[in-house]
Chemist: 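I have a structure here, written as structure tokens, and I will follow up with some questions on it.
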Amino acid sequence: MQRIKVKSLLSSESAQEEVLLKGWVRTLRDNKAFSFIELNDGSCLANIQVIVDSNLENYADVMHLSTGAAIAVTGKLVESPGKGQKWEVQASGVELIGTAPDDYPLQKKRHTDEYLRTIAHLRPRSNKYGAIFRMRSALSKAIHDFFQERDFKWIHTPIITGSDCEGAGEMFHVTTLDLMNVPKQNGEVNFVEDFFGKEANLTVSGQLSVETFCTSLGDVYTFGPTFRSENSNTSRHMAEFWMIEPEMAFANLQDDMQLGQDFIQYLVRFTMEQCSDDLELFAKFVDKELMSTLDNIANNDFVRLPYTEAIEILQKSSQQFEYEVKWGKDLQSEHERFLTEQHFKQPVIVYDYPKDIKAFYMRLNDDEKTVAAMDILVPAIGEIIGGSQREERYNFLTKRIKELGFDEANYWWYLDTRKYGTVPHAGFGLGFERLLMLVSGISNIRDVIPFPRTPKNLEF
RNA sequence: UCCCCGGUAGCUCAGUCGGUAGAGCGGGUGACUGUUAAUCACUAGGUCGGCAGUUCGAGCCUGUCCCGGGGAGCCA
């Protein structure tokens, strides 16, 4: 007999004479005459109720089953006479596959997120974490669907890089050098003896690589892991996270802002339509306002606000800020929150930032003071997307590289894209985990990735 | 990295004036013929985060380190 998953069983149209299901015991209620087993197999949030009668030959074993045990059940699917569920399975056989001793760490009660983080290998067996990781999987596919439907090509940019993309964050070294005996020359580490013959790092962004493919395949995107070795201890940062970076050829900042809005709205609508059961759990137990937040995002155009006007709004507001609001200074968390949560009460795209607070590759505007950069800010999370139209003019780009004191030679291949058939192009980066926080209401980024990597934390 | 808060039973927490420790849940045993985080009875669980100090005496006071949370910086 073929195994059927709980998800299919629960959506069954009619009773079934014989089914086989396998999964893990969530809870067990028993008495002398029969037992109720709540069985979950991860296929969906809901459990299926299994009734085991005491005349079953191994009933003594069934009564000693515990939360967490793995079992196989054969029986028939019938309409449940009890309240609370449509279907239940009357067992004709229960096979014990894997026991769970009484020190099983997950109890049938609510645990704190902090505790569950210490058992990250077991937490997906809880309702909340099962739900977020099912949603993580579904949204990963939705991201590819969004781009593939629009004829964007997925580019696998490298994880190990030799380029120093200045300003994008601190990097992890990749090396095979003997750390007890590092070869040196003139007091510096001699990377010539290292695996690649030069200094190597884990990628902090696939952008520069994907830009090169943008000038051949047109519209492209990356979706993969990214690494930053910054000593950030916040609920919004990790050392390893997943990033989506589209890049469009023959596109300007307006196109970029539109793509960012379309992308977020597509994913929010997808979640509401395709993950409704799991989403309901978050709306009920994690964030009571989740559904209205998502409705608001899905159904309204994002506010588009030039940086200069954002500064004016902040300066005119009666709000007291800890950090000074001044043209030329970057917006702080408190400023972003004021704009999205209090002033506009919806996502805001701030664009045309002062050039001195933004990266070297962003396109200089005609005012020569600002660059064609944009950040999409959402309530509670803050910056979810950072993007720009790229500087496609060779002379402007080399001038900027020189101004910042970077070594032009390191960017020879990047500059080639401006030398040969350069085109206006634009793109952005979106942190996948921040998106998951947005659609689930989960407030700590460590709880939307299977095994979080943060400073001083590398368990599992 | 900085500021603030916390660490007591497996989990969530209480612990008065400094006098050697409590509850709920969970676990175990038993009862119970339709339960929904079942209910009822009984029962076993403790290096009070580590180290040092003050004191006749420290879960409680002091110092320090470790870990967790919230906020900030940096960013996605």
Side-chain angles (χ1 to χ4, degrees), chain A residues 26-38 46-55 63-64 66-68 78 80-85 88 90 100-119 126-127 167-170 203-207 223 225-245 260 285 321-323 330-337 357-359 375-378 381-387 428-438 443-449 454-457 459:
Chain A
R26 276 295 174 79
T27 85
L28 187 77
R29 297 176 288 274
D30 61 23
N31 62 43
K32 195 183 276 180
F34 48 80
S35 293
F36 298 95
I37 299 172
E38 294 284 336
N47 307 319
I48 192 154
Q49 177 164 283
V50 176
I51 290 83
V52 186
D53 198 87
S54 62
N55 60 24
M63 276 187 73
H64 284 89
S66 55
T67 305
V78 298
S80 175
K83 286 176 185 171
Q85 61 280 317
E88 64 184 26
Q90 286 185 342
D102 58 31
D103 60 354
Y104 183 63
L106 286 168
Q107 303 171 5
K108 22 185 184 182
K109 65 167 209 164
R110 288 191 69 172
H111 290 290
T112 59
D113 293 321
E114 293 76 27
Y115 170 67
L116 291 169
R117 222 170 278 151
T118 67
I119 49 168
S126 69
N127 286 337
E170 296 296 313
T203 183
V204 293
S205 166
Q207 184 198 313
F223 181 16
T226 304
F227 308 89
R228 305 265 169 98
S229 66
E230 272 142 10
N231 189 16
S232 298
N233 295 286
T234 81
S235 54
R236 303 183 308 281
H237 293 87
M238 291 183 294
E240 178 180 305
F241 62 100
W242 285 58
M243 192 150 66
I244 299 118
E245 295 173 288
F285 297 113
F321 296 112
E322 192 184 340
Y323 289 85
D330 210 351
L331 298 181
Q332 302 296 323
S333 291
E334 57 175 345
H335 307 142
E336 296 177 350
R337 295 189 75 144
I357 57 172
K358 288 290 177 184
D375 285 350
I376 300 187
L377 314 175
V378 293
I381 293 163
E383 184 184 337
I384 193 166
I385 278 182
F428 61 77
L430 177 141
F432 185 39
E433 284 76 19
R434 290 194 181 170
L435 179 84
L436 288 168
M437 292 169 78
L438 178 70
S443 57
N444 195 311
I445 199 166
R446 297 171 179 93
D447 297 332
V448 300
I449 193 167
T454 52
K456 302 276 185 281
N457 186 352
E459 195 62 55

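Just so we're clear, the structure is a prediction, and the values are computed from it rather than from any experiment. Reminder, nothing fancy here: chain letters follow the sequence lines and each chain counts from 1.
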Chemist: Heavy-atom nearest nucleotide on RNA chain B for A:Pro455 versus A:Glu383: which residue maps closer to 5'?
Modeler: A:Pro455

Chemist: Under 6.0 Å between ring centres: does that hold for A:His335 and A:Tyr323?
Modeler: no

Chemist: Can you give one letter per nucleotide of nucleotides 7-12 of chain B, going 5' to 3': B for a protein heavy atom under 4.0 Å from the base, S for sugar-phosphate only, - for none?
Modeler: ---BBS

Chemist: Determine the interatomic distance between P on B:U47 and the same-named atom on B:C60; round to the nearest Å.
Modeler: 16 Å

Chemist: Both distances under 3.5 Å, Watson-Crick or G-U wobble: report the partner of B:U43, or none.
Modeler: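 Base partner found: B:G27.
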
Chemist: Could you check which nucleotide pairs with B:C48 in any of the strands shown, counting Watson-Crick or G-U wobble with both distances under 3.5 Å?
Modeler: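 Its partner: none found.
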
Chemist: Tell me which nucleotide, if any, is Watson-Crick or G-U wobble paired with B:U20 when both distances must be under 3.5 Å.
Modeler: none

Chemist: Respond yes when some side-chain nitrogen or oxygen of A:Ser235 is under 4.0 Å from OP1 or OP2 of B:G69, and no when none is.
Modeler: no

Chemist: Applying a 3.5 Å limit to both distances, which nucleotide forms a Watson-Crick or G-U wobble pair with B:U35?
Modeler: none

Chemist: Any side-chain N or O of A:Asn444 below 4.0 angstrom from OP1/OP2 of B:G70?
Modeler: yes

Chemist: Quick one: is B:U36 close enough that its OP1 or OP2 comes under 4.0 Å of any side-chain N or O from A:Gln85?
Modeler: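 A:Gln85 to B:U36 OP1/OP2: no side-chain N or O under 4.0 Å.
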
Chemist: Between the side-chain atoms of A:Asn233 and the base atoms of B:U1, is any donor-acceptor pair under 3.5 Å?
Modeler: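 By the distance-only test, yes, there is a pair.
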
Chemist: What's the CG-P distance between A:Asn457 and B:G68, to the nearest Å?
Modeler: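 A:Asn457 atom CG is separated from B:G68 atom P by 6 Å.
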
Chemist: Does any N or O donor sit under 3.5 Å from an N or O acceptor when you compare the side chain of A:Ser232 with the base of B:C75?
Modeler: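 No, the side chain and the base share no sub-3.5 Å donor-acceptor pair.
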
Chemist: Could you tell me which nucleotide pairs with B:G57 by Watson-Crick or G-U wobble geometry, both distances under 3.5 Å, or answer none if nothing does?
Modeler: none

Chemist: Given the P atoms of B:G69 and B:C61, what is the spacing between them in whole Å?
Modeler: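 Going atom to atom, P in each nucleotide, I get 24 Å.
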
Chemist: Please determine, for B:C2, whether a Watson-Crick or G-U wobble partner exists with both distances under 3.5 Å, and give it or none.
Modeler: B:G71

Chemist: Output all residues satisfying ring pair (Phe, Tyr, Trp, His ring centres under 6.0 Å) with A:Phe432, sequence neighbours left out; order by chain, then residue number.
Modeler: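 Partners of A:Phe432 under the ring pair (Phe, Tyr, Trp, His ring centres under 6.0 Å) test: A:Phe223.
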
Chemist: Is A:Arg29 salt-bridged to A:Glu38, going by a charged N under 4.0 Å from an acidic O?
Modeler: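 A salt bridge links A:Arg29 with A:Glu38.
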
Chemist: Let me know the distance between OH of A:Tyr323 and C1' of B:C74, rounded to the nearest Å.
Modeler: 11 Å

